[in-house]
Undergrad: 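Take this structure, written in structure tokens, and hold onto it; I'll ask about it next.
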Amino acid sequence: MKRILSLILAVLMIVGMFAGCSSKTESWKVTCPWAPSGVAAMVSQKAAAKSTEHSDSITLVAEAIKGDAATVNTWVADTEANDPELVFVGEGLLSITSIIDPAKMQFSYDDFVFVENLYSSIFVLSADAKLNIKSLADLEAYVAKGEEISVAVNGATSSEAFLAAALFGSMGAGAQLKLTPYQSAAEAAQAVAKGETKFAVSHQTQILETYQQGSVSIVCAFDEKAIEDGPFAGVEGVGEHGYPYFRNCCFVMARKGTDEQKITELKNLYDEILKDEEVSTWLNDTMLLEADTMSTEDVQAHIENVQNIVNQYKDVVVG
């Protein structure tokens, strides 16, 4: 009898060991190769904190590194298919750097497999309140006067720079346009309030406080239609008037060749996190961002749209 009990206990222990192995949690490091205190890093931290609530098998670990193209070059060189590593890549690298300064990139879109879009941000154009420009019609009238148009942007060849070039270029600004690059998005957003420039292109969160203080007016949003929610609800989209635009997206990517089933698991996890009520409320109300899940086809269309804008207005931006 004792021998039988011993055998039963041994079998139960073995079953328990296998059960423990099958439920082992896998950690996936998510590298943000942009500003460590920026929007993407903050959202990644939020997603990582929520990952254990939505998965028993995958834990996301957020890591933010200042670096951009060089960081992604290293990531591609050091990461192999099925390594538990993810990285953010967006239109800044895939659509702008790839055309303006391709020597910086030792990788291409083909080195990655798309997991999910972490968020989308709708940029806005702000104007010095003293100009009394509150709509696209006002802006068109101002441009028609032929006065100098100075616009603060985050970096000389940033998404903001190309959006400014596309909008004012489409209005026929030509030589009137002067893009003024700043070291950070926050600095660019504040420049217009300080009187250093007449306009600025920025994320909504970066200009909100200045807007609430009455120092600037919000002219338009770089989207297909008016902003629907938040403090800038009702601000018209440039797309409604036929002007070019694109959103700022944040693509979560794995190394090409990673198992398709694992990619599906990761995408499902991100989708569940983005649907989480706490996360969606925080994204919408605090960060003024949108949960904007995308397909591979959506990503390709976004990249191509931005590339078209860059090719058309690169002479305006680069000079």
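Numbering starts at 1 and runs along the sequence shown. These numbers come from the heavy atoms of this one structure, side chains and all, not from hydrogens, waters or symmetry mates.
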Undergrad: Using a 4.5 Å cut-off on heavy atoms from C-beta on, say whether the side chain of N132 contacts that of D138.
TA: no
Undergrad: What's the shortest heavy-atom distance between F222 and V124, and which atoms?
TA: CE1-C, 4.0 Å
Undergrad: Please list every donor-acceptor pair under 3.5 Å in which a side-chain atom of residues 77-90 meets a protein atom from a residue at least two apart or in another chain.
TA:
unit_1 : atom_1 : unit_2 : atom_2 : d
T79    : OG1    : W75    : O      : 2.7
N82    : OD1    : D259   : N      : 2.7
D83    : OD2    : E80    : N      : 2.8

Undergrad: Looking only at heavy atoms, which two atoms of P244 and I309 are closest? And how far apart?
TA: CB-CD1, 4.0 Å
Undergrad: Does F168 form a ring-ring contact (aromatic ring centres under 6.0 Å, His included) with Y142? I'd like the steps, not just the answer.
TA: CA-CA 11 Å; F168 286 104; Y142 180 82; 8.5 Å; no
Undergrad: Which residue pairs satisfy the salt bridge (Lys or Arg N to Asp or Glu O under 4.0 Å) criterion with at least one member in residues 119-130, sequence neighbours excluded?
TA: D128-K130
Undergrad: Are E148 and K198 close enough for a salt bridge, meaning some N to O gap below 4.0 Å?
TA: no
Undergrad: What residues form a side chain to side chain contact (heavy atoms under 4.5 Å, CB included) with T52, not counting sequence neighbours?
TA: T59
Undergrad: Of all the heavy-atom pairs spanning V72 and P33, show the shortest one and how long it is.
TA: CG2-CG, 3.7 Å
Undergrad: For M287 versus T205, what's the shortest heavy-atom pair and its separation?
TA: O-CG2, 2.8 Å
Undergrad: Do V30 and I58 belong to the same hydrophobic cluster, where Ile, Leu, Val, Met, Phe, Trp and Tyr are linked whenever their side-chain heavy atoms lie under 4.5 Å apart, directly or via other members?
TA: yes
Undergrad: State, to 0.1 Å, how close V235 and A221 come at their nearest heavy-atom pair, and which atoms those are.
TA: CG1-N, 3.7 Å
Undergrad: Quick one: side-chain hydrogen bond (donor to acceptor under 3.5 Å, both in side chains) partners of S95, sequence neighbours excluded?
TA: none
Undergrad: Is there a donor-acceptor pair closer than 3.5 Å between any side-chain N or O of T74 and the backbone N or O of A70?
TA: yes
Undergrad: I'd like a table of donor-acceptor pairs (distance under 3.5 Å, sequence neighbours excluded) in which one partner is a side-chain atom from residues 185-194, with atom names and distances.
TA:
unit_1 : atom_1 : unit_2 : atom_2 : d
Q190   : OE1    : T210   : OG1    : 3.0
Q190   : NE2    : Q206   : O      : 3.4
Q190   : NE2    : T210   : OG1    : 3.0

Undergrad: How many angstroms lie between atom CD of E272 and atom NZ of K267, to the nearest 0.5 angstrom?
TA: 12.0 Å
Undergrad: Hey, any chance I218 and I149 share a hydrophobic cluster, counting ILVMFWY side chains that come within less than 4.5 Å of each other, even indirectly?
TA: no
Undergrad: Is a side-chain N or O of S55 found less than 3.5 angstrom from the main chain of S51, in a donor-acceptor match?
TA: no
Undergrad: Test ring-ring contact (aromatic ring centres under 6.0 Å, His included) on F112 and F251 and set out the steps.
TA: CA-CA 10 Å; F112 309 98; F251 303 137; over 10 Å; no
Undergrad: Write out all pairs satisfying salt bridge (Lys or Arg N to Asp or Glu O under 4.0 Å) with one or both partners inside residues 301-319, taking only residues at least two apart or from two chains.
TA: none
Undergrad: Say you draw a straight line from CG of L283 to CG of L118; how long is it, rounded to the nearest 0.5 Å?
TA: 7.5 Å
Undergrad: Using the side-chain hydrogen bond (donor to acceptor under 3.5 Å, both in side chains) rule, collect all pairs that involve residues 229-257, keeping only residues at least two apart or in two chains.
TA: E91-N248, E140-Y243, D223-R247, E236-H241, R247-E290
Undergrad: What pair of heavy atoms forms the shortest contact from A165 to L177, and how long is it?
TA: CA-CD2, 3.9 Å
Undergrad: Do F246 and S159 have side-chain heavy atoms sitting under 4.5 Å apart?
TA: yes
Undergrad: For the backbone of A254 and the side chain of T258, can you confirm whether one donor and one acceptor N or O come within less than 3.5 Å of each other?
TA: no
Undergrad: Using the test side-chain hydrogen bond (donor to acceptor under 3.5 Å, both in side chains), find all partners of S27 that sit at least two apart in sequence or belong to another chain.
TA: none
Undergrad: Name each donor-acceptor pair under 3.5 Å that joins a side chain in residues 36-50 to protein atoms two or more places apart or in another chain, with its distance.
TA:
unit_1 : atom_1 : unit_2 : atom_2 : d
K46    : NZ     : E278   : OE2    : 3.2
K50    : NZ     : E53    : OE1    : 3.1
K50    : NZ     : E278   : OE1    : 2.8

Undergrad: Quick one: side-chain hydrogen bond (donor to acceptor under 3.5 Å, both in side chains) partners of K225, sequence neighbours excluded?
TA: E228
Undergrad: Restricting to pairs with a member in residues 41-69, which pass ring-ring contact (aromatic ring centres under 6.0 Å, His included), not counting sequence neighbours?
TA: none
Undergrad: For residues 98-111, run the donor-acceptor check on the side chains, cut-off 3.5 Å, and write out each pair with its distance to 0.1 Å, sequence neighbours left out.
TA:
unit_1 : atom_1 : unit_2 : atom_2 : d
S98    : OG     : L94    : O      : 2.7
S108   : OG     : D110   : N      : 3.3
D111   : OD2    : S108   : N      : 2.8

